[in-house]
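Just below is one structure, and these are the notes that go with it.
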Amino acid sequence: MTFAADIRTAIHDDLAALHPVIERAYRGDAARAGWTHESDLIPEGERTDLETLRGLIDDPASRLLIARNGDTVIGCVNVQHRGGGLAYLGLLCVDPQLQAGGLGRQLVEAAECTARDIFGATTMEMTVIEQRAELIAWYVRRGYAVSGERRDFPIPMDPPLFMTVLVKPLG
């Protein structure tokens, strides 16, 4: 199912509808309907919370973009200005029932435009759990390159997880 979604900057009123989409996309059995989940690596716990999402909206160096199909929130992506021409792409998610239909690509493109046009970024950076080879390959097909840098996963895990850093020049 391919369609052009309505993508815009999120407001506080969007968060109650957005939060469950993020959780379904990343965690739990519902996430297994899609291909980008972390459920096998991180079996429990929330991916994020409403307070964190509110902080992304309130931070002037951040844009939380949401995708809607009519009145239904179906995905999101966050762009953070890191300074020095660098922006960070994170929290990309699409409702698991709608994955593999082009919406992720649309959200990445919107994030890159935001990074360039709003923050003046010349480079976009992101991190992906290193075990997610198919997801890393998806980003590589979109022009991202594996930088060779590896970072600790932000939540202590046993065994530990690590993040692969991907970068893309924004032309």
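Along the sequence shown, residues carry numbers from 1.
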N/O donor-acceptor pairs under 3.5 Å from side chains in residues 107-115, not counting sequence neighbours:
{"unit_1": "Glu112", "atom_1": "OE1", "unit_2": "Lys168", "atom_2": "NZ", "d": "3.2"}
{"unit_1": "Glu112", "atom_1": "OE2", "unit_2": "Tyr144", "atom_2": "OH", "d": "2.8"}
{"unit_1": "Glu112", "atom_1": "OE2", "unit_2": "Lys168", "atom_2": "NZ", "d": "3.0"}
{"unit_1": "Thr114", "atom_1": "OG1", "unit_2": "Ala110", "atom_2": "O", "d": "2.9"}

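- Grouping the Ile, Leu, Val, Met, Phe, Trp and Tyr side chains by contacts below 4.5 angstrom, directly or via other members, places Val165 apart from Val140.
- Between Arg68 and Asp14 the shortest side-chain heavy-atom distance falls below 4.5 Å.
- When all heavy atoms are compared, the tightest approach of Ala16 to Leu50 is N-CD2, 4.4 Å.
- Summarising the geometry, atom SG belonging to Cys76 is positioned 8.5 Å from atom CD1 belonging to Ile66; distances are rounded to the nearest 0.5 Å.
- Shortest non-hydrogen contact noted between Pro96 and Ala25 is CG-CA, 3.8 Å.
- Here the CG-OG1 distance, from Asp6 to Thr72, works out to 11.5 Å after rounding to the nearest 0.5 Å.
- Taking each heavy atom of Asp95 and Arg24 in turn, the nearest pair found is OD2-NH2, 2.7 Å.
- Not one N or O on the side chain of Asn78 forms a donor-acceptor pair closer than 3.5 Å with the backbone of Leu89.
- Results of the side chain to side chain contact (heavy atoms under 4.5 Å, CB included) test with Ser62 over Leu56, Val79, Ile57 single out Leu56 as the only residue that passes.
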For Arg82 and Glu125, run side-chain contact (heavy atoms from CB on, under 4.5 Å): C-alpha distance rounded to whole Å, both residues' side-chain angles, the deciding distance at 0.1 Å, then the answer.
-> CA-CA 10 Å; Arg82 297 278 170 96; Glu125 176 184 85; 4.2 Å; yes
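- The minimum heavy-atom distance between Gly75 and Leu18, with the atom names listed, is O-CD1, 4.1 Å.
- In summary, of the residues considered (Thr164, Ile136, Leu161), a side chain to side chain contact (heavy atoms under 4.5 Å, CB included) with Gln131 occurs for Leu161 alone.
- Side chains of Ile118 and Arg63 form a contact here, defined as non-hydrogen atoms less than 4.5 Å apart.
- Between Val94 and Ile74, the closest side-chain pair of non-hydrogen atoms is not below 4.5 Å.
- Glu130 contributes no side-chain N or O that, together with a main-chain N or O of Phe162, makes up a donor-acceptor pair within less than 3.5 Å.
- Legend: ring-ring contact (aromatic ring centres under 6.0 Å, His included) pairs involving residues 56-92, not counting sequence neighbours, sorted by first then second residue: His81-Phe119.
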Between Thr9 and Leu65, does a side-chain contact (heavy atoms from CB on, under 4.5 Å) hold up when you go through it step by step?
-> CA-CA 4 Å; Thr9 302; Leu65 306 177; 3.8 Å; yes
Can Val128 and Trp138 be said to form a side-chain contact (heavy atoms from CB on, under 4.5 Å), step by step?
-> CA-CA 11 Å; Val128 177; Trp138 186 86; over 6 Å; no
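- Within the structure, ring-ring contact (aromatic ring centres under 6.0 Å, His included) pairs that include any residue of residues 60-80 do not occur (at least two apart or interchain).
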Check against side-chain contact (heavy atoms from CB on, under 4.5 Å), His12 and Arg54 | CA-CA 7 Å; His12 287 263; Arg54 278 191 289 277; 3.4 Å; yes
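- Within a 6.0 Å radius of CG in Asp58, other residues, nucleotides and ligands contribute more than 12 heavy atoms.
- Ile11 is not connected to Val73 by any chain of hydrophobic side-chain contacts under 4.5 Å among Ile, Leu, Val, Met, Phe, Trp and Tyr, and they are in different clusters.
- Side-chain contact annotation: Thr52 with Asp49, donor-acceptor N/O pair under 3.5 Å present.
- Within the 4.5 Å cutoff, side-chain heavy atoms of Leu53 are placed close to those of His19.
- The cluster map of Ile, Leu, Val, Met, Phe, Trp and Tyr, joined by side-chain heavy atoms under 4.5 Å apart, puts Leu170 and Met126 in the same cluster.
- Taking all atoms of both residues into account, the shortest heavy-atom contact from Ala17 to Pro20 is O-CD, 3.5 Å.
- A salt bridge links Arg151 to Glu149: one of the charged nitrogens lies within less than 4.0 Å of a carboxylate oxygen.
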